[in-house]
Structures are given as C-alpha cells and as structure tokens.
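What you are looking at is a predicted structure, and each value in this text was computed from that prediction instead of being measured. Both backbone and side-chain heavy atoms feed into the values below; hydrogens, waters and symmetry mates do not.
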Amino acid sequence: MLIERLLVVGHGSIGKRHLRIARSLLPEADIRVMRHEPCETTPEHANGSMSAIEDALAFSPQAAMIANPASLHMKVAQPLALSGTHLLIEKPLADAAWAVPDLLALCRRQGVVLMTAYNLRFSPSLRRFREEIQAGRIGKVISVRCEIGQYLPTWRPGSDYRKGVSASRALGGGALLELSHEIDYLRWIFGDIAVVNAVLSRQSSLEIDVEDTAHLVLGFACDVAGRRLLASLNMDFVRHDTTRTCLAIGESGSLRWNGLTGAVEVLEGGTARWEDVFVRSPQIDETYIAEWRHFLACVREGATPSITGEDGLAALEIVEAARASAVQLGAAVAVASHP
C-alpha cells in the first residue's frame with residue numbers, strides 16, 4: 001500500500017518530531033495533524049490540521065501516528081482502527097492496560113497493523129548488545145542491572161516541565177510510564193517478566209503529581225531448572241548526571257551498554273579490563289527514522305511489526321504490577337499475563 005494520506009495525532013515535542021520524519025519519508029503524501037485545540041495556522045510539514053475525531057475520520061487516513069498524551073491514546077485509536085487505519089502508537093500504548101485488549105482484538109478483525117513505538121529497539125548499539133547476549137558472549141546471564149535517569153526540567157529545553165505530560169498523572173506521566181523503554185527492552189533481550197517488586201516515590205521538590213523515582217526488581221520467567229533471572233531497574237526524573245545503562249553479568253564475564261555513548265563493552269572472565277565490542281554514537285532521529293521505515297514496510301507488505309501491540313500491553317502489565325507492589329510496600333506481585 002502506498003501511503004497517500006497520513007494523520008499525526010498530537011503536536012507536542014514528540015508529535016512535531018514524528019511529523020517532520022513522516023514528511024521526509026513521504027514527501028508527496030497529504031499529512032494532516034489532529035490537535036486538541038483548534039488552530040488557524042497549518043503546522044510546518046503538514047497540509048492541514050483539525051481538532052475533532054469526526055474530521056480526522058472524514059480525512060480517511062490510511063495510517064496514523066498517535067502521539068498525544070497516553071491517557072488519550074485509546075480515544076482516538078479505537079475509532080481510527082475501526083475505520084481501517086493502520087496505527088503507530090507512541091509509548092506507552094495507554095496509561096492503563098484495561099482498554100488495550102479491545103483495541104488489539106479490533107485491529108485483528110479489521111486487518112490493521114498496530115505497532116508500539118518503542119524506538120529504542122532500533123538503536124544500533126542496543127541491538128548489538130542483544131546480539132552479544134544471545135550469542136553467549138558472556139555465557140549464561142545470571143544478573144542484570146539497569147539504570148535510566150535525567151533531571152526532568154532539562155528534558156525539553158524551552159518548555160515548562162510542569163505543563164508537560166511527564167509531570168501529570170492525568171496525562172499518563174511519571175517515571176514508570178515515561179521511562180518504560182527500559183521495561184520493554186529488558187523483555188526484548190532477556191525474556192518475559194513474570195514478577196515485580198517495586199518501590200515508587202516522589203523524592204524531589206519538583207512540581208509534579210507523579211512518582212519521580214522508581215526502584216524495581218524484575219523476575220523473569222523461570223528456566224527449565226526452575227531458576228529465575230533477576231534484574232534491578234532504577235528509573236528517575238531527578239539525577240543531573242543523565243544516565244542510560246544496562247549491565248549484564250554472565251557466568252564467563254560481563255557486558256555493558258551505554259545508551260548515551262552508543263558503546264557496548266565486555267569484560268571477559270579472568271581479565272581486569274573492559275574492551276570495546278561496538279561503539280556508534282547515537283544520531284539525532286536515527287532510531288525514529290528506522291522505526292518509521294519498519295512501520296511503513298509492515299503496512300506496505302501486510303506484515304506483523306517487530307514491536308506489536310501485545311508488546312505494548314506487556315509493558316503496561318509490568319507497570320501495573322509495579323504499582324500494585326509499591327502499594328504493598330514492595331511485596332512481590334505477579335504480572336497479569338504470568339499468574
């Protein structure tokens with residue numbers, strides 16, 4: 001299918017990025033933007049704009065990128081899917097898991113491609129990290145340590161963090177949802193997550209009504225011997241030393257990934273030095289462009305995307321297990337799909 005009509009829902013910072021990339025990949029397409037407030041001007045890179053779902057449906061888009069707040073995703077995804085529109089939905093897929101199964105079923109009935117936009121899976125360095133793990137570079141993995149953190153007011157220069165999605169519970173903010181890339185890629189690399197222990201808190205003086213810090217212990221599905229791999233995951237909005245790392249400890253060495261530098265390093269057992277395995281500095285838009293190319297190819301070929309709606313739902317189920325655990329003071333809580 002050649003995409004001639006494309007809808008971008010949302011025109012915040014991520015919506016603008018997607019609009020710009022979509023235009024670069026579909027220079028001849030009619031691209032319209034759906035915004036929550038009427039606007040007399042047409043956004044750059046777009047052919048027009050609207051604010052009502054009825055107008056969006058009348059436009060008959062063949063595909064749509066949904067990039068408005070997570071709490072509003074389902075309100076536009078459902079009618080678009082019913083009309084046969086293929087969907088690329090920004091992470092998280094929603095702000096709660098309960099409505100997602102209905103959307104997945106609807107997309108299957110309508111023959112709609114649904115892809116969850118966890119663009120970090122298209123990072124060349126993260127993909128190499130995964131390949132090295134799966135190739136047995138450090139033997140059987142026996143422990144995982146993962147960290148992600150950045151001071152929220154510096155995320156989007158020129159904007160007031162207090163008015164953004166990340167700071168608002170009503171819009172689907174908070175460290176768990178906003179930083180759920182880590183939950184998704186840990187599943188992708190190490191397998192299904194079955195149980196969660198979590199502590200969530202608002203430690204800082206930031207003017208937000210959501211957690212700014214989350215400490216999780218993730219238990220993966222047991223292996224054939226009944227042993228469960230554990231990963232510690234620390235997520236926050238408060239640290240000034242921006243960090244995105246993952247360390248896998250194996251029986252024959254350790255492998256670590258740095259998402260900021262694009263480096264993958266190994267320390268072989270019996271040695272004392274880290275050695276470069278792969279280094280490629282992240283490029284602006286690189287993972288988003290790859291994500292879009294993959295989505296468009298899936299639409300064109302009628303193929304299943306590598307990051308499905310089911311993947312988006314799995315991440316939400318882990319988030320909800322973490323919230324339930326935090327209420328129970330860190331008690332172990334089974335993920336819904338893994339009772």
Side-chain angles (χ1 to χ4, degrees), residues 1-35 42-49 56 59-70 72-73 76-77 80-81 83-94 103 107 110-128 130 156 165 178 180-181 184-185 188 259 262 280-312 315:
M1 174 192 291
L2 177 65
I3 299 298
E4 298 177 335
R5 297 180 308 282
L6 176 73
L7 180 69
V8 176
V9 180
H11 198 242
S13 60
I14 191 62
K16 290 175 182 176
R17 181 191 292 265
H18 283 298
L19 175 58
R20 173 168 48 80
I21 291 170
R23 173 56 71 201
S24 71
L25 296 175
L26 300 168
E28 304 301 321
D30 186 349
I31 303 178
R32 307 290 177 95
V33 174
M34 180 178 168
R35 312 172 71 171
T42 298
E44 184 180 8
H45 305 300
N47 297 95
S49 65
F59 172 53
S60 298
Q62 296 158 293
M65 154 49 71
I66 298 179
N68 57 349
L72 304 177
H73 284 181
V76 291
L80 286 170
S83 74
T85 303
H86 300 290
L87 301 174
L88 177 60
I89 304 181
E90 254 301 336
K91 64 81 195 167
L93 199 55
L103 176 65
C107 289
Q110 297 297 103
V112 164
V113 171
L114 170 57
M115 178 172 166
T116 307
Y118 278 114
N119 66 291
L120 204 58
R121 287 210 205 178
F122 294 93
S123 159
S125 59
L126 186 60
R127 294 173 79 91
R128 181 60 178 271
R130 180 176 184 259
R156 301 174 181 94
V165 169
E178 282 290 272
S180 63
H181 279 291
D184 175 71
Y185 83 62
W188 179 52
R280 179 171 168 179
S281 297
Q283 304 297 309
I284 296 175
D285 290 342
E286 178 180 34
T287 57
Y288 293 96
I289 292 171
E291 173 183 75
W292 267 96
R293 290 188 186 279
H294 179 67
F295 172 66
L296 294 174
C298 289
V299 170
R300 184 172 60 250
E301 299 163 10
T304 300
S306 60
I307 316 169
T308 63
E310 286 78 9
D311 288 322

**Check: His294 and Ser306 side chains under 4.5 Å, non-hydrogen atoms** = yes
**Request:** Supply the atom-to-atom distance Thr85 OG1 to Leu114 CG, rounded to the nearest 0.5 angstrom.
**Result:** 12.0 Å
**Request:** Please report the C-alpha distance between Val76 and Met34 in whole Å, then the side-chain angles of each, then the deciding distance to 0.1 Å, and finally whether the side chain to side chain contact (heavy atoms under 4.5 Å, CB included) criterion is met.
**Result:** CA-CA 10 Å; Val76 291; Met34 180 178 168; 3.9 Å; yes
**Prompt:** Looking only at atom types and distance, does a side-chain atom of Arg300 sit under 3.5 Å from a main-chain N or O of Leu2, one as donor and one as acceptor?
**Reply:** no
**Request:** Walk me through it: do Val165 and Ile14 pass the test side chain to side chain contact (heavy atoms under 4.5 Å, CB included)?
**Result:** CA-CA 11 Å; Val165 169; Ile14 191 62; over 6 Å; no
**Request:** Can you label the angle between the His18 ring and the Tyr288 ring as parallel, tilted or perpendicular, going by 30° and 60°?
**Result:** perpendicular
**Prompt:** Looking at CG of Leu93 and CE of Met115, how far apart are the two atoms once the value is rounded to the nearest 0.5 Å?
**Reply:** 12.0 Å
**Message:** Rounded to the nearest 0.5 Å, what separates atom OG1 in Thr287 from atom CG in Leu126?
**Reply:** 10.5 Å
**Message:** Using the side chain to side chain contact (heavy atoms under 4.5 Å, CB included) definition, which of the options Val8, Leu80, Ile31, Val9 pairs with Pro61?
**Reply:** Leu80
**Fill in**
Residues passing the side-chain contact (heavy atoms from CB on, under 4.5 Å) test with Ala46, sequence neighbours excluded, are Leu19, Val33, Thr42, Pro43
**Asked** Asn47 and Ala29: which non-hydrogen atoms are nearest, and at how many Å?
**Response** OD1-O, 3.3 Å
**Message:** What's the separation between atom CG in Leu6 and atom CZ in Phe59, rounded to the nearest 0.5 Å?
**Reply:** 7.0 Å
**Message:** Looking at Trp188, is its backbone amide N or carbonyl O close enough to the side chain of Arg130 to form a donor-acceptor pair, meaning the two atoms are under 3.5 Å apart?
**Reply:** yes
**Item:** Heavy-atom pair of closest approach, residues His73 and Ala94
**Value:** ND1-N, 4.2 Å
**Item:** Set of salt bridge (charged side-chain N to carboxylate O under 4.0 Å, His left out) partners for Arg156, sequence neighbours left out
**Value:** Glu178
**Item:** Inter-residue atom distance Asn119.CG - Ile289.CD1, 0.5 Å rounding
**Value:** 11.5 Å
**Glu44, CD: over 12 other non-hydrogen atoms inside 6.0 angstrom** = no
**Asked** Can you name the closest pair of heavy atoms from Gly15 and Ala67 and give their distance?
**Response** CA-CB, 4.0 Å
**Pairs where residues 18-30 contributes a residue and the test salt bridge (Lys or Arg N to Asp or Glu O under 4.0 Å) is met, not counting sequence neighbours** = Arg20-Asp285, Asp30-Arg32
**Message:** Between Arg280 and Arg128, does the side chain to side chain contact (heavy atoms under 4.5 Å, CB included) criterion hold? Intermediate values first, please.
**Reply:** CA-CA 10 Å; Arg280 179 171 168 179; Arg128 181 60 178 271; over 6 Å; no
**Asked** Which atom pair, heavy atoms only, marks the closest approach of Lys91 to Ser180?
**Response** CD-OG, 4.1 Å
**Prompt:** So, Gln283 side chain and Ser281 main chain: donor-acceptor pair closer than 3.5 Å or not?
**Reply:** yes
**Heavy-atom donor-acceptor pair, His86 side chain to Gln62 backbone, under 3.5 Å** = no
**Message:** Determine whether Glu90 and Arg17 satisfy the following criterion, salt bridge (charged side-chain N to carboxylate O under 4.0 Å, His left out), listing intermediate values before the conclusion.
**Reply:** CA-CA 12 Å; Glu90 254 301 336; Arg17 181 191 292 265; over 6 Å; no
**Message:** I'd like to know whether Asp311 forms a side chain to side chain contact (heavy atoms under 4.5 Å, CB included) with Tyr118, so could you lay out the CA-CA distance, the side-chain angles of the two residues, the decisive distance to 0.1 Å, and finally the verdict.
**Reply:** CA-CA 9 Å; Asp311 288 322; Tyr118 278 114; 5.7 Å; no
**Considering all heavy atoms, the nearest Cys298-Pro305 contact** = SG-CA, 3.5 Å
**Asked** Could you state the interatomic distance from CZ (Arg5) to CG (Leu26), rounded to the nearest 0.5 Å?
**Response** 12.5 Å
**Prompt:** At their closest point, which heavy atom of Gly84 faces which heavy atom of Gln110, and how far apart are they?
**Reply:** N-NE2, 4.4 Å
**Asked** Does the side chain of Pro124 come within less than 4.5 Å of Glu286's, by heavy atoms?
**Response** yes
